[in-house]
Protein chains: 2
Amino acid sequence: MSGPLTERRQTILKLVIQEFVDTATPVASETLVRKYRLPVSPATVRNDMAALEELGFLTHPHTSGGRIPTDAGYRFFVENLMERTSLSPAEQRMIRHQFYQVRGELDQWVQLACAVLARTAHNASVATAPRAEQLRFKSLELIAIHETMVLAVMVFHSGIVKQQTLPIEPGRTPEDLRRAAGIVSDLLADTTLSRAEELAATATLNGVPLSDFERGLVDLVVRAMQAFEEQAQEQIYSDGLLEMLSQPEFLPASGRDDAERAIERMRRTLEILKSGRGLSPLIPQALASGGVQVIIGGEHGEDAMRDYSVILARYGVEGAIAGVLGVIGPTRMAYPRSISTVRYIASLMSNLLAELYNVNARPSEVETDPQDDQHA
Amino acid sequence: MSGPLTERRQTILKLVIQEFVDTATPVASETLVRKYRLPVSPATVRNDMAALEELGFLTHPHTSGGRIPTDAGYRFFVENLMERTSLSPAEQRMIRHQFYQVRGELDQWVQLACAVLARTAHNASVATAPRAEQLRFKSLELIAIHETMVLAVMVFHSGIVKQQTLPIEPGRTPEDLRRAAGIVSDLLADTTLSRAEELAATATLNGVPLSDFERGLVDLVVRAMQAFEEQAQEQIYSDGLLEMLSQPEFLPASGRDDAERAIERMRRTLEILKSGRGLSPLIPQALASGGVQVIIGGEHGEDAMRDYSVILARYGVEGAIAGVLGVIGPTRMAYPRSISTVRYIASLMSNLLAELYNVNARPSEVETDPQDDQHA
DNA sequence: CCTTAGCACTCTCGCCTCACGAGTGCTAAC
DNA sequence: GTTAGCACTCGTGAGGCGAGAGTGCTAAGG
């Protein structure tokens, strides 16, 4: 009964989605014909819409009132109907420029990526800090703040830096500190957590037992590595909440009922972003696969996310360090634009990191274009 | 006509505020009598309420429907009626414990303070990172990440640390780096920005001109100090948005009209917190004065903040470093609790910083109790 | 002069009804 | 397969109504 998915029906599906993304109101057959000058009558469009509904791509909330896409409809759109676009050169330039301005300040990259993503995709954005696949210690520096307080800077392969203040007994000279730091650095150089724990237990370097101070430093490093390792679920940064909340989904269209729901949605959204609930499960998945992942609505089963789509991409340097960034917003989302934004910023960040590690440092002028994106 | 502000009227004002803070609904004369077993009749209370209204401390939104406090009413309450409380020892202990767990990790203190403030005061919280009154350079360390990339760690008096990656030409040994960093540290040690700029211009140490590499490093430091100095308005961290948004102010009490306003309020609030608009002007003020500042509603003229109260306190070490932290929420706020929370956390942070700087390091066991709080 | 009971008045809230209009689904003709 | 015509559905908004809450006022009482 449903009939085949003819060329025209695909066009109609595409137009319904475009129109709905634009206007946020259910789209009627006549509107479509008028606005896009279709060479058929509204009645024909209605028939096709009914077919698309039976195929599961459209639905209508009320008997009257136009059609809206289902999750499956968006899915089909993303995979088959959407043309692959790139950000305009002007936008790419603007974004690169912003990153250029904080070059060197590694710790600001993630924040900046979030801010730019949000502004460009007009939705909320999320990102995790880049994380080394395996943490390997590199060196320790001690910097005196005053006589009884030093700042311990631990550097790990992959460039992750952790700083911590540490009280010491007074009377140590800078030379003392340097020697102690050198000893610890030598002892633990290039070790992973488990090896570091072993070495901490023996507490000798070349047969010479460590001093109490040095052992304290070793413990400090080991604890820092443990903390890092334990912190199983990555902290998720986010930005652009306001950007997302100015989407019409969060306006009370009409009726008190709707208003209440809008507020509830707002609160839920905040919770998702703050806690990462419903979001964290997606991270490992995105880390594992290359390309851009698109998760539409309730596809991954998390009920809290039923009304949201997430577009995620991995960024980083193969085999060294990786993180995830993406966009989150209502399922009614400008997928082409969001996807290209995510793809562009992920590749930009990857190039920046590659430059930092001096591997494969192609100029970040061109957007790399992975052959095929992964879809959930 | 308005009559004097008798003892009883003050009591009634206090009870109205208490009740309104609890229930978030306008309070009626009869409720008051019943709930607090007043030895007078509702009619008497009504008369007093009318007097309080003429005095500008109360108002009522509709002819029917009970009274609510005005900004002036809250102000009088805060200054004259409210009893000064402290957090319970149990709560104090819990808070101290949380700070204890991140001791040493200076960069997390502000975040933690925000989180704790929000949870304890059930409202949103804001804080600025501690900022040195005058930035003075201390030392520079260079840590090789790999052959062509170093991490420059700049330490300033006051313990502020800034890190930045820096590309270098390959072939430099760790010893090279150490020497260069040492030279720059010696040259710029203890300098303020203006002096550092002068020294950068001459580019000699003890008459010996600097190498190109060393000059690059000096420039790096100067730029970092400039950036710090220029960044006129402090970045404001915040937390507890959700905490605040679950206040009944942000629920649609009834009617579609109200719902729309609730959503608008929500959006505005977000904007205030994200951008700091309406908040930033308060920061310098709070930095300048000791004690706890309470700004109620539209008192400071900023229209965007008309419905909010802010409670701010300065924290830090006199003459060395200072920041601001506080609570923001609807004017209908549990002032005693919020104020004591802010006061406690500010003094805790101050003690922790004092310990770090080894000045005046009293144990942070007792809440310091400043003699008098400043009110706007 | 302060307090209190009584009472009329006001205003919100929730509920219902009703008419309107948008958009569909169906049927029959092309 | 397409189209015109038409009945039908249902959300939306306006208007009305009754109930209830709480006040302001007035007059009586301590």
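Below, read A as the first sequence line, B as the second, and so on, with proteins coming before strands; counting in each chain starts at 1. Small disclaimer: the values here were computed from a predicted structure and weren't measured.
Taken residue by residue, residues 13-40 of chain A places heavy atoms nearer than 4.0 Å to DNA chain C at V27(A), A28(A), S29(A).
Applying the 4.0 Å criterion to OP1 and OP2 of dT4(C), one finds that S41(B) has a side-chain N or O inside that range. For S64(B) and dA21(D), the shortest distance from a side-chain N or O to OP1 or OP2 is not below 4.0 Å. Look at R8(A) and you'll find a side-chain N or O under 4.0 angstrom from OP1 or OP2 of dT2(D).
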Mark up nucleotides 25-30 of chain C, 5' to 3', with B wherever a protein heavy atom is under 4.0 angstrom from a base atom, S wherever such an atom reaches only the sugar-phosphate, and - elsewhere. B-----
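Taking the side chain as every heavy atom from C-beta outward, L87(A) and T120(A) approach each other to under 4.5 Å.
Applying the side-chain contact (heavy atoms from CB on, under 4.5 Å) test to H300(B) and every residue at least two apart in sequence or in another chain returns L282(B), I295(B), E302(B), M305(B). Applying the ring pair (Phe, Tyr, Trp, His ring centres under 6.0 Å) criterion to F77(A), with sequence neighbours excluded, gives no partner residue. In terms of the ring pair (Phe, Tyr, Trp, His ring centres under 6.0 Å) criterion, residue partners of Y335(B) (sequence neighbours excluded) are, by chain and number, Y74(B). By the salt bridge (Lys or Arg N to Asp or Glu O under 4.0 Å) test, E91(B) pairs with R337(B), sequence neighbours left out. In this structure, E243(B) has no salt bridge (Lys or Arg N to Asp or Glu O under 4.0 Å) partners at least two apart in sequence or on a different chain. F57(A) is linked by a ring pair (Phe, Tyr, Trp, His ring centres under 6.0 Å) to F76(A), counting only residues two or more places apart in sequence or in another chain.
For the pair D48(A) CG and dT2(D) P, the computed distance is 7 Å after rounding to whole Å. Atom-to-atom, NE2 of H62(B) to P of dT10(C) comes out at 16 Å; the value is rounded to the nearest Å. Across the protein-nucleic acid pair, L52(A) atom CG and dT24(C) atom P stand 13 Å apart, rounded to whole Å. We find that CG of L58(A) is positioned 15 Å from P of dG23(C), with the value rounded to whole Å.
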Going by atom type alone, with no hydrogens or angles, which donor-acceptor pairs under 3.5 Å involve a side-chain atom of residues 28-38 of chain A and a protein atom two or more places apart or on another chain?
from: S29(A); atom 1: OG; to: R46(A); atom 2: NH1; distance (Å): 3.2
from: K35(A); atom 1: NZ; to: E19(A); atom 2: OE2; distance (Å): 2.8
from: Y36(A); atom 1: OH; to: E19(A); atom 2: OE1; distance (Å): 2.8

